[in-house]
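Worksheet: the structure to be examined is printed underneath.
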Amino acid sequence: MDIILQNLLPEPLNDIQHPEWSFWSHGNANLIGQNIYISAKSGKGKSTFLQMIFGLRKDYGGNILFDGINIRDIPFDNWSAIRQAKLSMVFQDLRLFDQLTVWENIKLKNEIFQTFSEAEALYLAEHVGIKKQWNQITATLSMGQKQRVAILRALSQPYEYILLDEPFAHLDKNTASLCFEIIHDRCSVQRAGIILSGLENNELPDFTQNIII
Amino acid sequence: MKKLLLNNQGKKQVVIALFGLLIGYLFLALSVHFFIKINSSNKKSGILGSDILLVQRKISNFSTLSLVNPNFTENEINVLKTTEGIASIQAVTNNSFPVSFETNDKIVPYLRSDIFLQSVPKNFLDLDKSNWSWNKNDKTVPIALPRDFVLMLNTFMVARNLPQLSDELIMDVKFKFTIGQGSQKEWFDANIVGFTNEFNAILIPETFMKYCNINHGDLTKMKVNQLIVKGISGEFGKLSSALENKGLEAKNNQMISARLKSILEKTLLITAVVAILTLVLSGLIMMQFLQLLLSRNTYEIKTLYLLGYSKKSITKVFLKYFVFLFGIMGLLGLLVFLCLIPFVENFIISSGFPLESSFTMEPYFAVIIAFSLFVMASFLTATQELKFLAK
C-alpha cells in the first residue's frame with residue numbers, strides 16, 4: 001500500500017511556526033513500503049502523525065492518500081478491513097485489555113486471520129522474555145512487559161505497514177533490539193513497511209527515511 | 001470477545017430485568033390462553049349468554065291502561081340503530097294468524113294450545129342453524145322451543161305421573177301446527193331443531209312466518225313490539241344506558257348474563273393490557289441494561305474497532321447474548337405457564353365455568369412474537385449505540 005502525505009498539518013499545530021527542517025513545514029511525503037523513523041522531542045506531534053495515518057484523527061489540514069484514495073473518503077465501516085489486513089499499530093497507551101491474560105490479548109487479534117498457532121506465538125513471547133507471563137492477567141504486568149504484549153499483538157495479523165508509537169519506551173536496550181528483531185523479521189516476511197516513532201536518537205538499523213518533526 | 005464484553009455487567013440489574021421478562025412472558029401466555037379458551041368455551045356452552053337482548057318497552061301502569069304505545073315504528077328502529085352501544089338491531093316478527101300447537105305422538109299425552117310464534121333473522125339465533133330453513137312446499141317446519149316451554153312440558157308430565165323428557169327425547173317427539181281457520185286451515189309437522197334461552201315464544205324460520213302471515217294473517221294487524229338488539233362486545237355499560245334512556249327493558253337474566261360477559265371480557269382485556277405493559281416494561285429495562293452494558297464497555301469496544309473488529313462482529317456478540325437471554329426466559333415463561341395451566345383451569349372450573357381442556361397454540365405464538373420484537377429492539381439499540389460509541 002502506498003501512503004502519500006500532502007501538505008499534512010494537524011490543526012492544533014496550525015498556529016506554530018515550524019522550522020524548515022521540520023516535516024510540518026511542508027507536510028509532504030511518499031511512503032512506499034519503506035521503513036520510516038519519525039523522530040521528534042516530546043509533544044511535537046509524533047503520536048498525532050501515526051494516529052492520522054491510522055484514521056483515528058481527522059483534525060488535520062492536507063491529505064493522506066492510501067493507494068490514491070483520500071482516507072477522509074473511507075467510510076467508517078471500511079476501516080475495520082484496513083486495520084485487519086493492511087495497517088497494524090502499537091499504540092502509545094498500548095490499549096491492552098487488563099482483565100485478559102497475555103495470550104487472550106494476543107489471541108483477540110490473532111483469531112481474525114489465525115496468523116500464528118499458540119505455539120508460534122509462545123515462541124515469540126519466549127524470544128522477547130514474556131513466556132512466563134503467558135497466562136497471567138495483563139493488569140499485573142510491568143509497563144515493559146505490557147509493551148511487549150502490545151508488540152506481539154500488533155504482529156499477529158497480516159499488514160502492509162506497522163505503525164509503532166514509541167514501542168520501546170519502557171524497554172532496556174537489549175530487550176528493545178530483541179523486539180525490533182522480530183518486528184523486522186515479520187515485516188520482511190510480509191514485505192511490509194515500518195513507521196516507528198521515537199525520540200531523536202535513532203540507533204535502529206534499516207530505516208530508509210527519517211522524518212523529523 | 002464474549003469474555004471481554006460480557007463480564008462487565010451488573011448482576012443485580014440482569015436478575016431484576018430477567019425476572020420482569022419472565023413475569024411478562026408468563027402473563028402474556030396466560031392472558032392469551034384464557035382469553036381464547038373462555039371465549040370459545042362460552043361460545044359452545046353459552047353460559048355467559050350472548051350480547052343479544054330481546055327488548056321491549058318498559059311495562060308500567062300506563063301501558064296496562066293502553067296510555068303508552070308498546071309498538072315500535074320504523075323511524076324509532078332506525079334511530080336505535082345509530083345509538084351508541086348497539087351493534088345491530090332487528091324487529092322480532094310475530095304471527096298475525098291463528099295458530100295452535102299440539103302433540104302428535106304416543107309417547108307424550110295429548111296436549112294442544114293456541115300459541116304465539118316469533119321469528120328473527122338467522123344470525124340472532126342461539127342454536128345450531130344448519131337445519132334452520134323452510135321452503136314453500138315443505139310440510140315440516142323446523143322450530144326452536146324456549147327452555148321455559150320444556151320446563152312447562154316436563155311439569156305437565158310429572159303432573160300426569162309420566163317420566164320427564166330429556167332434550168334428545170323432546171327433539172324426537174312429533175308436534176303439529178294448525179295454521180289459519182275455517183276452510184283455509186293448513187297443517188304442518190314441527191321438527192324441533194333446538195332450544196333457545198333468549199326467546200320466550202316458539203321460534204320459526206322467517207320464510208314460514210312470512211308465508212303464514214300473507215296467506216292466513218291480517219297484515220294490517222302486524223305490529224313490532226319486541227326488538228332484538230346485539231350489543232357491542234365488552235361495552236354492555238353503553239347498551240344498558242341506551243336502553244334505560246330509550247325506556248326499554250330486557251329480561252333480567254339476559255341483562256345479568258350480558259353484564260357478566262361484558263365484565264369478563266373487560267377483565268380479560270385488562271389482564272392482556274397488563275401483560276403487554278409488563279412485557280414492554282421488562283423489555284425497556286432489558287434495553288437499558290444493554291445500553292449500560294455497552295457504555296461500560298466503551299474502552300473495550302473502541303479498542304476492538306482499533307484492532308480491526310467490525311461493528312457487525314461486535315454487535316453479533318451482544319445480540320447473541322440477548323437472544324439467549326430472551327429465548328431462555330421465553331422458554332422458562334412457557335414452562336411455568338404449562339405448569340400453572342392445570343391449577344388455574346381447575347380453579348376456574350371449580351367456580352362453575354365449563355372451561356374446555358383443549359390445547360391452544362396462540363400463547364406460544366404470542367411469546368414467539370414478543371421474543372422476535374425484543375430481538376429486533378436489541379439489534380436496533382446495539383447498532384445505534386455502537387455507531388455512537390465508535391465515533
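Throughout, a chain's letter reflects where its sequence line sits, starting with A, and its residues are numbered from 1.
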Next on the checklist: Can you tell me how far apart CG (B:Leu307) and CZ (A:Phe91) are? Round to the nearest 0.5 Å.
Outcome noted: 6.0 Å
Hey, is [atom1] on [X] packed in by over 12 heavy atoms from elsewhere, all under 6.0 Å?
X        : atom1 : result
A:Phe113 : CZ    : yes
B:Lys37  : NZ    : yes
B:Phe359 : CZ    : yes
B:Lys3   : NZ    : yes
B:Phe27  : CZ    : no
A:Gln114 : CD    : yes
B:Tyr321 : OH    : yes

Next on the checklist: For chain B, which candidate among A:Glu104, A:Lys107, A:Met89 shows the most heavy-atom pairs at distances under 4.5 Å?
Outcome noted: A:Glu104
Item to check | Side chain proximity check, B:Tyr299 to A:Arg95, heavy atoms < 4.5 angstrom | outcome: yes
Checklist entry - Are any non-hydrogen side-chain atoms of B:Tyr305 and A:Trp79 less than 4.5 angstrom apart? => result no
Checklist outcome for this item: Okay, A:Leu96 and chain B: the region with an atom under 4.5 Å from a heavy atom over there is backbone
Checklist entry - What part of A:Leu108 is in contact with chain B, defined as an atom under 4.5 angstrom from a non-hydrogen atom: side chain, backbone, both or neither? => result both
Item to check | Closest approach of A:Lys109 to B:Leu306 (non-hydrogen atoms, all atoms of both residues) | outcome: NZ-O, 4.4 Å
Next on the checklist: For B:Thr303 versus A:Arg153, what's the shortest heavy-atom pair and its separation?
Outcome noted: CG2-NH1, 4.4 Å
Next on the checklist: Tell me whether B:Lys311 contacts the main-chain N or O of A:Asp77 through its side chain, where contact means a donor paired with an acceptor under 3.5 Å.
Outcome noted: no
